[in-house]
Amino acid sequence: MLFRACLWGIPLLSLLSCEKDVAPEADESSPICLSGVLHDAGKEGFTKGETPASDGFSIGDTIGLMAYRTGVNTWKTIGSSMTPNLMYDQKVTRTADGWVYAPTRYWIPQYMYSFFAYAPYHTPIANLSGSSVQGSPFLEITTPELPNDHVDLKTAACFDKEDNGWPVELPFKHAFTRVRFSAKVTANEAYYQATVTGVEMTGIATNGRLSLDSCRWSAQGMPGKVTVMDEAAAGDDLLIPYSSASPETSLGAPSFLIPQTMGADAKITFYYTIVSPFEVAPIQRQAVLSLDKVVYAPNQALHYVLTIRLTGVAFSVQVDDWNVKVDPNNIALE
């Protein structure tokens, strides 16, 4: 029922950002209404009857929106020479009733419009291309070293929309690759003390440009580093207990990384100790997993698991479900 608010011309606004706070020009008609939907990996949209609360966003979330009025021409035809002539970095807010922005913009009948969006609005890790830049807008991204400073960036684009009485649906997807880490010990090491003291990713791209037209990435600058757990900080040490019921212990916060094809120097290094109850001084050990030629893709979530044994270690990687949110303690969140 919600999405018919525009079709029926209900003036109550906020449902779909349709309040007529600015009168339309003579050649303009109905207000441009918005609907943001987060399409998680493995879920290409939403079924009929789902409520707006299931759009993947929370109340208070914000997005930045660019809108281009291309007249009777398609984006493919003239988009490369266009600048955002209708909206530039327009703040749009998710409320209890829907998406709200101001001032309201209006359709011109039989004209086409293209839209580009990113979320969250004005995130500190990204700089938006200027309002005078022609063609598809883009973001310049810098991934911080510490995962606690990372952002789950989302983008959307839709092209050549005309007024058909329905809201413009912005099909958001996750722009980064989400990576998280866990460790476990086997039953043979149940009476030993295994402790992870550090986890870091090196030789990976931490700067890049993201084009909003199709979530295209290009890496820039020298390879960087992400420190999931600081090996030099004693407070980061994490004892890995054996548990048959809950075998994995989460290591640090999830990282949101620039999609890329890894080079020969890209790797994950785990620092850990394992000692018997009869030993006093643990010996620091390292386990290195090469990422050479590994491909990280947008909207992909990966889970690396380190299995610690007395005789060595084993690695495994699993594909996570984006719909299952995780926190640093590996507790599923609603």
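Keep in mind the model is a prediction, meaning the values are calculated, not measured.
Rounding to the nearest 0.5 angstrom, the gap separating the OG atom in S250 from the NE2 atom in H303 is 6.5 Å. Going from atom OG of S129 over to atom CD of E140 covers 8.5 Å, rounded to the nearest 0.5 Å. Put simply, CD1 on I204 and CG on L291 are 8.0 Å apart, with the number rounded to the nearest 0.5 Å. In this structure, OG1 on T62 lies 8.0 Å from CH2 on W99, to the nearest 0.5 angstrom.
Note on ring orientation: taking the six-membered ring where Trp is involved, the planes of F159 and W75 are tilted (angle from 30° to 60°).
Here the side chain of H150 pairs no donor or acceptor atom with the backbone of S255 at under 3.5 angstrom. A distance-only check finds a donor-acceptor pair linking the side chain of T95 to the backbone of G98 [under 3.5 Å]. Looking at T197, its side chain does come within 3.5 Å of a backbone N or O of Y271 through a donor-acceptor pair. Using modelled atom types, one side-chain atom of Q260 and one backbone atom of I258 make a donor-acceptor pair closer than 3.5 Å. No donor-acceptor pair under 3.5 Å is formed between the side chain of Q90 and the backbone N or O of M87. A donor-acceptor contact shorter than 3.5 Å is absent between the side chain of T227 and the backbone of D230. Side-chain atoms of N299 come within 3.5 Å of backbone atoms of H174 as a donor-acceptor pair (strictly under, hydrogens ignored). Using modelled atom types, no side-chain atom of K173 and backbone atom of P171 make a donor-acceptor pair closer than 3.5 Å.
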(request) Any chance you could lay out the salt bridge (charged side-chain N to carboxylate O under 4.0 Å, His left out) test for R180 and D320, step after step, and finish with the verdict? (result) CA-CA 9 Å; R180 65 185 181 103; D320 265 344; 2.5 Å; yes
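Cluster partners of I59: none. The rule joins Ile, Leu, Val, Met, Phe, Trp and Tyr whenever side-chain heavy atoms lie under 4.5 Å apart, and it links nothing here.
Using a 4.0 Å cut-off between charged nitrogen and carboxylate oxygen, K91 and D89 do not count as a salt-bridge pair.
Looking at V196, T273, T186, T195 one by one, the single match for side-chain contact (heavy atoms from CB on, under 4.5 Å) with I308 turns out to be V196. Just one residue in the list Y296, Y118, W217 forms a ring-ring contact (aromatic ring centres under 6.0 Å, His included) with F176, and that residue is W217.
A cation-pi arrangement is not found for R69 relative to Y113, the charged atom failing to lie both closer than 6.0 Å to the ring centre and inside a 45° cone about the ring normal.
Few gaps surround CG on D292; more than 12 heavy atoms of other groups in view lie less than 6.0 Å from it.
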